[in-house]
Amino acid sequence: MENMANKVARIPNLVDWSTGEVRLMGAKCNSCGTYFFPKEHYQHRPDCSREGVEDVLFPKKGKLASYTIQYYPCPAPFKTENKITPYGIGLVEFENEKIQITGIITETDLKTLKIGMEMETTILEMFTNEEKQQVVTWAFKAVK
Amino acid sequence: MENMANKVARIPNLVDWSTGEVRLMGAKCNSCGTYFFPKEHYQHRPDCSREGVEDVLFPKKGKLASYTIQYYPCPAPFKTENKITPYGIGLVEFENEKIQITGIITETDLKTLKIGMEMETTILEMFTNEEKQQVVTWAFKAVK
Amino acid sequence: MRDVYIIGTGIHPWMGFSEKVFADFAAVAVDNALKDAQIEWKKIQAIMAGIFIYGGNAGHLSGQYLESIFGETGIPVVNVYNACATGSASIRMAYNSIAAGETDTALAFGADVSPKGFLTAKSDNAVQDRDVIRWKMGGLPNPIYWALECRKRMEKYGTTEEDLAMVKVLMSEYGSKNPDARFKKQYTLEEVLKSVYVCDPLRLYEICPVSTGAAAVIVTADPELISKADNPVKINATTMGSAIYGDPTIRISALSCPAVPEAPMLSESYSASRQAYEKSGIGPEDVDILELPDNSSWHYLVYLETCGFCKEGEADKMLRDGMTKIGGKLPVNPSGGFSSHGEALSAQALWQVIECANQLRGRCGARQVEGAKVAMAQTYGLMGNSGTTIMSI
Amino acid sequence: MRDVYIIGTGIHPWMGFSEKVFADFAAVAVDNALKDAQIEWKKIQAIMAGIFIYGGNAGHLSGQYLESIFGETGIPVVNVYNACATGSASIRMAYNSIAAGETDTALAFGADVSPKGFLTAKSDNAVQDRDVIRWKMGGLPNPIYWALECRKRMEKYGTTEEDLAMVKVLMSEYGSKNPDARFKKQYTLEEVLKSVYVCDPLRLYEICPVSTGAAAVIVTADPELISKADNPVKINATTMGSAIYGDPTIRISALSCPAVPEAPMLSESYSASRQAYEKSGIGPEDVDILELPDNSSWHYLVYLETCGFCKEGEADKMLRDGMTKIGGKLPVNPSGGFSSHGEALSAQALWQVIECANQLRGRCGARQVEGAKVAMAQTYGLMGNSGTTIMSI
Ligand SMILES: [Zn+2]
Ligand SMILES: [Zn+2]
């Protein structure tokens, strides 16, 4: 995997690389079986007892359920040092968890994007902060 | 009056000194007779036709209808260069206009404040801006 | 329950950014509504106000602000916010106030001034407000959400770029005939297809911008006011819906959505419309005019399905067959839609109701739908907000 | 119109600043209300939510947020804001929804998290929002408005510093007996009179701070739910008032007020309470318990007059004579009032209703008022907002 030393997520508790793999952080309700991302945004099944909600890491890989190509820069507070437009952005489906999660696609040849293709979780370097750390967000890339 | 050169109100259209006297700027509705301060905050009598609203300058002098002494600094965006607490703040009544207007009282001996005393409109220097102008707000002081 | 009628409506024409303040726009719309209803201000017994979310304290208390302009009379004044369905909440509350017997005559209004820049996050607490995450880390302006759904639709049902462009062609034709619309230029299919992509597959002309606008509606159950009104419009139902668990739509501000549907798409609107059908006894087959929220060309298509005007995947055929044109079986958005107006958040749901009322009252000139007796205004707001109003004459 | 009952109430105890998010507090209050009502979530047919104004997108759509925690069911969810009377708006809308026949059972809730710093201006457009002027040029935090009125009262009616302090003595006695209150220390007259001035004549202990808290109320007209509820409380009226032209009170955020009264002081509350008296057929003489908004000791006194419990200038005598004590003719704020709780903006009006309901249901332990049959919750919000709820058992 990428060298993750000196990297920091712009907002904590969303993306993890402590296991050696980049994985998204979410939660699962053991009562109603629903997975949440982000983990603090609960979306229980009606009348769920909401017991046993626990943190989970989503699998590294999923498949592309939809995508778009954004031609204009995302306004602030979004921030990147390099021009990234046009950028791909996709919904990646994690099959067993029955959830689709959005993410920027770090693909330069956007013409190759296709619904159903296999994707893996990665990070996108956004900018360098005052502590000289690379501030990152989660992203997806095609499995080659 | 004070030397008003190089002074600027923090927000325009509230206090005027172009006539040589410091006066508050408001509006009057010629249909229902109500005076407004600030002038953009309309408070018409119900069913007023709202015709003929015109700018007015309030008289320089009025009388103190109520007052308090504030012991703690007003939080931002209020801003003064000098410590002004404790400061007096009063409601000054303009008799013919049938309106009372709030304002900081630039009195150092706050024990002399008394309901009914005659007050005049003045300015309070708050801070120096980047253009080296004195930024001011309106205020009241006792007529000596 | 007693019948509630629309007796007066008013609009401030839609436009772009303005230095004028929201209360000035609101006052124009309310003045027009009072004139239309032929009543004086003191007849208003309750004010249900849409919040202007970028207006600070005054915008959040827009009803109190408006009342002070027209003259404070002590009546109930409540301010509501349901994102882009805010206007639906205000008219629903005005209706409920009358139906509950609290008042006889109530005013619903909303006014929004387009901000100079982009809409963006309004807080800085990512744990509390996932909207912060979508802006800071997601890179997700609103149209991306629509494009993701649109791409799924194209894959699943064969919606084409020509279908998407055709929506704009129709909307611009009607908008050109609406003096209150912001955009009045008429576009050909070719021009739309040549416009740049904002987020592929959605093009610049296929998504709606943010606008300035104001709208006001006066409703009453007072027999005297109804009898002197010009063509009063009966409200058969005005309902609000929220989302249903398992809705597969990726909602604006969310970072995820269910992969396996357990509820209809846009379930907030499914719910609002089904409540309205049940409450009014009127079904999609009875509706002569539909105003739907065409935030993008995708919305135009999917809303026909969400609200039950055809089965899932069949809206493209309705469009291609001309059924949704003025003169077709179900004229959709004779106003020119959001495409010709842009969003004025707290005003737009009321403007949709007003277009419906104006159509039923025969006031729409070059874009008039002939002989319409039943109209439906359907709205949509982010994060699970929706409202449906069914009216008849 | 059918009768509407409170069958379940829930509170998250009041506290200071917290890193937890508003939805967590809201969920505790709603869980407690569901348990009290002995109903499951799916019985809730509408949600009327108070907006948490510092919570960004999520706080403005607090009802949608809450619904997603308990499970989205598609029901109407509306978010309201009426400053510190926000809770009054939510319960009034829940009541109207049921009275209008839209739903049988509805939830009203509000939750607020105290911000770390001071409350201040929320926009930067002084023309649109005079709140910007009062902060940038006026130097006018909220308590100054109360102090200006309090000074007038002392001059006109002879209210003394001892009267103002006595209010705190009573409130702190009751607060010490309320497990859900934030401040539980009991003060003597001497201690209060020795506390520092914030804005003379009001002292630190005589004004209320900002707090964190949540409250939820479930109302219904469903006979089955009413029959199985533990001491259901009937809502005789729940009304909202706005200001009346010529009200001489200097309103928070205003820079001026009329010098010649043409309406009662605090006319928004005069209006709300008079509407409630008229609608319910219950007058001040029938009320056994009053919860009023003691934002400051001045409020405690003036509200007795505004709501017609005595004539103008006579409240001090009521206080001095012990009439407003538990055990007196009109027990006021047995909860300990705002003085013992602090303001949690969108929750506080509901908390007042809940205290009234708990008193009528005989659940108040050491602060219980014996034999109370009728209770009234009166609230107050800046810029012309107020609500009154009259309940009975
Ligand atoms: Zn669950
Ligand atoms: Zn006037």
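Below, chain A is the first sequence line, B the second, and so on; all start at residue 1.
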Could you have a look at [options] and say which one has the most heavy-atom pairs with chain D under 4.5 angstrom?
{"options": "C:Thr73, C:Asp247, C:Thr239, C:Asn385", "result": "C:Asn385"}
{"options": "C:Phe22, C:Tyr81, C:Phe52, C:Tyr245", "result": "C:Tyr81"}
{"options": "C:Gly55, C:Gly74, C:Ala99", "result": "C:Gly74"}

With a 4.5 angstrom heavy-atom cut-off, could you sort out which part of [X] is near chain D: side chain, backbone, both or neither?
{"X": "C:Ala243", "result": "both"}
{"X": "C:Leu382", "result": "both"}
{"X": "C:Ile51", "result": "side chain"}
{"X": "C:Arg251", "result": "side chain"}
{"X": "C:Tyr270", "result": "neither"}
{"X": "C:Ser267", "result": "neither"}
{"X": "C:Glu67", "result": "side chain"}

Close side-chain approach of [X] to [Y], heavy-atom, < 4.5 Å:
{"X": "D:Asn96", "Y": "C:Met93", "answer": "no"}
{"X": "D:Asn57", "Y": "C:Arg130", "answer": "no"}
{"X": "D:Val127", "Y": "C:Lys20", "answer": "no"}

How close do [X] and [Y] get, counting heavy atoms only, and between which atoms?
{"X": "D:Pro76", "Y": "C:Gln275", "answer": "CG-OE1, 3.7 Å"}
{"X": "D:Thr238", "Y": "C:Glu102", "answer": "O-OE2, 4.4 Å"}
{"X": "D:Leu61", "Y": "C:Ala83", "answer": "CD2-N, 3.9 Å"}
{"X": "C:Tyr54", "Y": "D:Gln128", "answer": "O-NE2, 4.2 Å"}
{"X": "C:Ser242", "Y": "D:Ile75", "answer": "OG-O, 2.6 Å"}

Self-check item: Check: C:Ala100 main-chain N/O paired with D:Tyr95 side-chain donor or acceptor under 3.5 Å
Solution: no
Using a 6.0 Å cut-off, check whether atom [atom1] of [X] has over 12 heavy atoms from anything other than its own residue.
{"X": "C:Lys136", "atom1": "NZ", "value": "yes"}
{"X": "C:Glu262", "atom1": "CD", "value": "yes"}
{"X": "C:Glu40", "atom1": "CD", "value": "yes"}

With chain C, which of [options] has the greatest number of heavy-atom pairs at distances under 4.5 Å?
{"options": "D:Val80, D:Thr86, D:Ile47", "answer": "D:Val80"}
{"options": "D:Ile98, D:Asn125, D:Val77", "answer": "D:Val77"}
{"options": "D:Ala237, D:Ser386, D:Ser97", "answer": "D:Ser97"}

Quiz item: At a heavy-atom separation under 4.5 Å, does D:Arg92 approach chain C through its side chain, its backbone, both, or neither?
Solution: side chain
Quiz prompt | Whether D:His60 and C:His60 hold their rings parallel, tilted or perpendicular, with breakpoints at 30° and 60° | solution = tilted
